[in-house]
Amino acid sequence: MNDGMGARTSAAAYQQNAFQTASPGELTLMLYNGCLKFIRLSVNAVEKNDYEAKNINVTKAQKIIRELMVTLRVENETTQQMLQLYDFAYDALVRANINNDVNALEEAASIITDFRDTWKEVIMIDRKQRHGSGVNR
């Protein structure tokens, strides 16, 4: 076995372990990051006229957004607005895939980036509250 193969195996094992030990909040963050990764790969594929790779990666991003939509509990106006934004991002990905439209990919990426960044803040606040920041003691 060469060093490259061992490194890939170790990286895959690390990712599997990270996935299995992640909290629900961390899993959601992983979904956002994965979606953004697939959108970036789609942009690169469009720029290289590699439409097969674009289709594969857009489809992966769409599946992630669908998962986020299906698991969202729509309980109030905020979650209803989130669902609408997910739907808009999903539609942008559909347009991007049909028309090889980088602008539509960027629209979707912008929405998902906002969700991801907000979610990171929520996780940080939750950790501080659960583990104590020392401020409110």
Side-chain angles (χ1 to χ4, degrees):
M1 183 177 347
N2 66 32
D3 290 336
M5 183 70 130
R8 281 192 295 269
T9 303
S10 296
Y14 174 80
Q15 286 179 328
Q16 182 70 17
N17 188 49
F19 178 76
Q20 290 174 344
T21 60
S23 70
E26 291 166 333
L27 288 173
T28 300
L29 186 59
M30 288 176 177
L31 287 173
Y32 288 136
N33 285 330
C35 187
L36 290 169
K37 173 184 134 185
F38 294 128
I39 292 171
R40 275 192 310 276
L41 291 171
S42 298
V43 169
N44 292 339
V46 169
E47 290 171 349
K48 294 176 183 173
N49 296 323
D50 185 350
Y51 302 117
E52 183 179 354
K54 179 254 335 181
N55 181 57
I56 289 168
N57 287 297
V58 168
T59 301
K60 288 177 181 181
Q62 287 173 313
K63 286 180 180 180
I64 291 172
I65 291 175
R66 272 281 166 225
E67 180 66 22
L68 290 165
M69 292 172 80
V70 168
T71 58
L72 180 66
R73 285 184 295 207
V74 181
E75 300 172 336
N76 54 43
E77 187 177 334
T78 300
T79 52
Q80 182 63 42
Q81 290 171 352
M82 287 176 67
L83 187 61
Q84 290 171 351
L85 286 168
Y86 284 149
D87 195 44
F88 183 84
Y90 187 90
D91 287 345
L93 291 175
V94 170
R95 282 183 289 136
N97 208 9
I98 292 169
N99 302 315
N100 301 313
D101 185 348
V102 171
N103 289 328
L105 288 168
E106 290 171 355
E107 287 175 15
S110 176
I111 292 167
I112 299 303
T113 298
D114 287 346
F115 275 119
R116 192 257 333 257
D117 293 348
T118 301
W119 199 250
K120 274 187 186 175
E121 289 293 318
V122 168
I123 289 172
M124 287 177 26
I125 290 167
D126 180 61
R127 282 183 185 156
K128 284 180 183 176
Q129 289 176 344
R130 284 190 289 124
H131 301 295
S133 62
V135 175
N136 295 328
R137 290 183 180 217

Trainee: Taking the side chain as everything from C-beta on, heavy atoms only, tell me whether Arg73 gets closer than 4.5 Å to Thr79.
Mentor: no
Trainee: Are Met30 and Leu68 connected, step by step, through hydrophobic side chains (Ile, Leu, Val, Met, Phe, Trp, Tyr) whose heavy atoms are closer than 4.5 Å?
Mentor: no
Trainee: Between Asp87 and Leu83, does a side chain to side chain contact (heavy atoms under 4.5 Å, CB included) hold up when you go through it step by step?
Mentor: CA-CA 6 Å; Asp87 195 44; Leu83 187 61; 5.8 Å; no
Trainee: Could you state whether Leu85 and Leu31 fall into the same hydrophobic cluster, counting links through intermediate Ile, Leu, Val, Met, Phe, Trp or Tyr residues with side-chain heavy atoms under 4.5 angstrom apart?
Mentor: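 Yes, Leu85 and Leu31 fall within the same hydrophobic cluster.
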Trainee: Please give me the minimum heavy-atom distance between Val43 and Val102, naming the atom from each residue.
Mentor: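 It is CG1-CG1, 4.1 Å.
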Trainee: Could you grab the distance from atom OG1 of Thr113 to atom CG of Asn33, nearest 0.5 Å is fine?
Mentor: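 Taking OG1 in Thr113 and CG in Asn33, the distance rounds to 9.0 Å.
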Trainee: For Trp119 and Tyr32, take the angle between the two ring planes, folded into 0 to 90°, and tell me which bin it lands in: parallel under 30, tilted 30 to 60, perpendicular over 60.
Mentor: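 Correct class here is perpendicular.
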Trainee: Could you give all pairs that pass the salt bridge (charged side-chain N to carboxylate O under 4.0 Å, His left out) test and reach residues 97-119, with sequence neighbours left out?
Mentor: Arg95-Glu107
Trainee: Among the clusters formed by ILVMFWY side chains lying less than 4.5 Å apart, do Ile39 and Tyr51 turn up in the same one?
Mentor: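 Unlinked, Ile39 and Tyr51 end up in two clusters.
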Trainee: Which heavy atom of Ala104 sits nearest to which heavy atom of Ala92, and what is that distance?
Mentor: CB-O, 3.3 Å
Trainee: Find the distance between NZ (Lys120) and OG1 (Thr28) and round it off to the nearest 0.5 Å.
Mentor: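 Reported to 0.5 Å precision, the distance equals 14.0 Å.
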Trainee: Search all heavy atoms of Leu93 against all heavy atoms of Leu105 and return the closest pair with its distance.
Mentor: CD2-CD2, 3.8 Å
Trainee: Would you tabulate the side-chain donor-acceptor contacts of residues 55-66 under 3.5 Å, counting partners in other chains and residues two or more places apart, or write 'none'?
Mentor:
| from | atom 1 | to | atom 2 | distance (Å) |
| --- | --- | --- | --- | --- |
| Asn55 | OD1 | Asn97 | ND2 | 2.8 |
| Asn57 | ND2 | Ala53 | O | 2.9 |
| Thr59 | OG1 | Asn55 | O | 2.7 |

Trainee: In terms of heavy-atom contacts, does CD of Glu52 have more than 12 from other residues, nucleotides or ligands at under 6.0 Å?
Mentor: no
Trainee: Return the set of residues passing side-chain hydrogen bond (donor to acceptor under 3.5 Å, both in side chains) with Gln80 (not counting sequence neighbours), or none when no residue passes.
Mentor: none
Trainee: According to a 4.5 Å side-chain heavy-atom criterion applied to Ile, Leu, Val, Met, Phe, Trp and Tyr, with indirect links allowed, do Val94 and Leu41 form part of one hydrophobic cluster?
Mentor: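 Shared cluster, yes.
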Trainee: Say whether Leu72 and Met69 are linked into one hydrophobic cluster, either directly or through other cluster members, by side-chain heavy-atom distances under 4.5 angstrom.
Mentor: yes
